[in-house]
Amino acid sequence: MKNLRAIFFDLDDTLLDDQGSYVRALEDACRFAWRSCHLRGWKPLFDAYCRVSDAMWRRFDEWGRELDGEEIRLRVWQQTFAAMRSPVDIEQVRQVAVFYARRRSETHDWLAGAREALMELGRGYRVGLITNGAADIQREKLRRMALPAFVDPVLIGGEVGIAKPDRRIFAQALAAADVGPHEALMVGDKAEIDIAGAHAAGMHAVWIAPAGLPWPLRRREPVMRLTSVAELPNALRMIAGVMEG
């Protein structure tokens, strides 16, 4: 990485505490539904939503690609209540979906040290973002986080019509930043999506993962693995020092 000029980041659970926001907002929404829809308890609804949502997101391209964020949330909640066989009407479901969307927006926040790391890296590198997801959902997260203006380009799968790990979205990011693949680094938490996709585009990659988690793929490994983005500035300084030495 001697000629590194640009660093691209994934968003969810790399810069943004998406999992924490998800759990907090979902718990609140299930409690809201428990009270407003007169359910027997909120925890069974929470568990059902997790199962339904996981299954639906694995098939997102089949049902959700043309929908906006509001429609996507409504669809998932409809399927959740159907799985619970709960006697609620569409207006009640819509109220729960709206409540959940508001709480999601209110609970979006940076992972510890991520914003500070981004600000430091922005002084020495071109910094960009490559994320999957519906455009309006991801843009709302970025507004809530107040993403620094220097982060450019920002590529969202729902806007460009291509999602990671497709190498074409990485190629678009490289072209927009006017850098070559070997001058760029991708940083993300998903091995199959962020790391493998970046490698397919000829880029370097850093994997953000819990300590001790084994590399899950029988493919090229990342140049580094860190437990958080907060560690990246110092890691790059160390690499630069070794190369200069």
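If you're wondering where the values come from, they're calculated on a predicted model, not measured in any experiment.
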So does Asp12 pair up with Lys190, basic N to acidic O under 4.0 Å? no

Of all heavy-atom pairs between Thr227 and Ala211, which one has the smallest distance, and what is that distance? CG2-N, 3.8 Å

What distance separates Met56 CE from Glu62 CD, expressed to the nearest 0.5 Å? 10.5 Å

Please answer whether the main-chain N or O of Trp110 pairs with a side-chain N or O of Asp17 as donor and acceptor at a distance below 3.5 Å. no

Is Arg139 salt-bridged to Glu159, going by a charged N under 4.0 Å from an acidic O? yes

Can you tell me if Glu27 has over 12 outside heavy atoms packed within less than 6.0 Å of its CD? yes

Between Leu67 and Arg75, is there a side-chain heavy-atom distance shorter than 4.5 Å? yes

So does Lys141 pair up with Asp18, basic N to acidic O under 4.0 Å? yes

Walk me through it: do Tyr100 and Tyr49 pass the test ring-ring contact (aromatic ring centres under 6.0 Å, His included)? CA-CA 12 Å; Tyr100 173 68; Tyr49 184 96; 5.7 Å; yes

Identify the heavy atoms of Ile156 and Ala135 that sit nearest to each other, and give their distance. CG2-CA, 4.0 Å

Going through the checks in order, is the side chain to side chain contact (heavy atoms under 4.5 Å, CB included) test met by Asn132 and Phe60? CA-CA 11 Å; Asn132 289 349; Phe60 180 75; over 6 Å; no

If you round to the nearest 0.5 Å, how far is CD of Glu66 from CD1 of Ile72? 10.0 Å

Flag the pair Leu4 / Glu183 as yes when at least one side-chain heavy-atom distance between them is below 4.5 Å, and no otherwise. no

Under 3.5 Å: donor-acceptor pair, side chain of Arg225, backbone of Trp207: no

Run the numbers on Cys37 and Val96 for side chain to side chain contact (heavy atoms under 4.5 Å, CB included), then give the verdict. CA-CA 9 Å; Cys37 301; Val96 175; 4.3 Å; yes

Under-4.0 Å salt bridge between Glu120 and Arg237: yes

Quick one: are Ile195 and Pro165 in side-chain contact, heavy atoms under 4.5 Å? no

Between Thr107 (side chain only) and Arg104 (backbone N and O only), is there a donor and an acceptor less than 3.5 Å apart? yes

Does Val88 belong to the same Ile/Leu/Val/Met/Phe/Trp/Tyr cluster as Val52, with side-chain heavy atoms less than 4.5 Å apart forming each link? yes

Less than 4.5 Å apart, any side-chain heavy atom of Met224 and any of Leu236? yes

Using a 4.5 Å cut-off on heavy atoms from C-beta on, say whether the side chain of Trp34 contacts that of Leu45. no

Are Leu142 and Val154 close enough, and set up right, to give a side chain to side chain contact (heavy atoms under 4.5 Å, CB included), and what steps lead you there? CA-CA 10 Å; Leu142 298 179; Val154 174; 3.9 Å; yes

Does Asp136 use its side chain to pair, donor to acceptor, with the backbone of Asp68 at less than 3.5 Å? no

If Ile, Leu, Val, Met, Phe, Trp and Tyr residues are connected whenever their side-chain heavy atoms lie under 4.5 Å apart, and connections chain through other members, are Met186 and Val223 in the same group? no

Is there a side-chain contact between Val127 and Phe150 (heavy atoms, below 4.5 Å)? yes

Where is the tightest heavy-atom contact between Val179 and Ala184, given as atom of each residue plus distance? CG2-CB, 4.2 Å

With the 4.5 Å side-chain cut-off for hydrophobic clustering, are Val206 and Leu15 part of the same group? yes

Do Leu121 and Phe9 have side chains that get closer than 4.5 Å, going by heavy atoms? yes

Does atom CZ of Arg168 have more than 12 heavy-atom neighbours, drawn from other residues, nucleotides or ligands, at distances under 6.0 Å? no

Using atom types as modelled and distance alone, determine if a side-chain donor or acceptor of Trp77 lies under 3.5 Å from a backbone N or O of Arg94. no

Are Leu129 and Ile137 co-members of a hydrophobic cluster defined by side-chain heavy atoms under 4.5 Å apart? no

Ion pair check, Asp47 and Lys43, cut-off under 4.0 Å: yes

Give the minimum heavy-atom separation between Ile169 and Ala163, together with the two atoms involved. CG2-C, 4.3 Å

Please report the interatomic distance CZ(Arg40) to CE(Met84), rounded to the nearest 0.5 Å. 10.0 Å

Using 0.5 Å steps for rounding, measure from the CZ atom of Phe8 to the CE atom of Met203. 5.5 Å

Should Tyr125 and Leu155 be regarded as members of a common hydrophobic cluster, given that ILVMFWY residues are connected when their side-chain heavy atoms come within less than 4.5 Å of each other, either directly or indirectly? no

Checking Arg126 against Asp178 for the salt bridge (Lys or Arg N to Asp or Glu O under 4.0 Å) test, could you report, in this order, the C-alpha distance in whole Å, the side-chain angles of both residues, the deciding distance, and whether it holds? CA-CA 10 Å; Arg126 181 78 179 262; Asp178 192 26; over 6 Å; no

Measure the spacing between CG of Leu147 and CG of Leu11 and express it to the nearest 0.5 Å. 8.0 Å

Within-4.5 Å side-chain heavy-atom neighbours: Val187 and Asp10: no

Would one find more than 12 heavy atoms of other residues, nucleotides or ligands at under 6.0 Å from atom CZ of Arg85? no

Check whether Gln79 reaches the backbone of Val76 with its side chain - one donor and one acceptor, N or O, closer than 3.5 Å. no

Between Ala205 and Pro222, what is the shortest heavy-atom contact and its length? O-CB, 3.3 Å

Counting distance only, does the side-chain N/O of Gln78 pair as donor-acceptor with the main-chain N or O of Ile90 below 3.5 Å? no

Within the side chain of Thr14, is there an N or O that forms a donor-acceptor pair under 3.5 Å with the backbone of Asp189? yes

Roughly how far apart are Asp194 CG and Phe170 CZ, rounded to 0.5 Å? 6.0 Å

Steps toward salt bridge (Lys or Arg N to Asp or Glu O under 4.0 Å) verdict (Arg144, Asp109): CA-CA 8 Å; Arg144 177 70 182 180; Asp109 202 0; over 6 Å; no

Show your reasoning for whether side chain to side chain contact (heavy atoms under 4.5 Å, CB included) applies to Arg31 and Asp28. CA-CA 5 Å; Arg31 289 189 175 97; Asp28 288 349; 4.1 Å; yes

Smallest separation among heavy atoms of Arg219 and Trp215, with atom names: O-NE1, 3.3 Å

Are more than 12 heavy atoms, taken from residues, nucleotides or ligands other than Gln92, located less than 6.0 Å from that residue's CD atom? yes

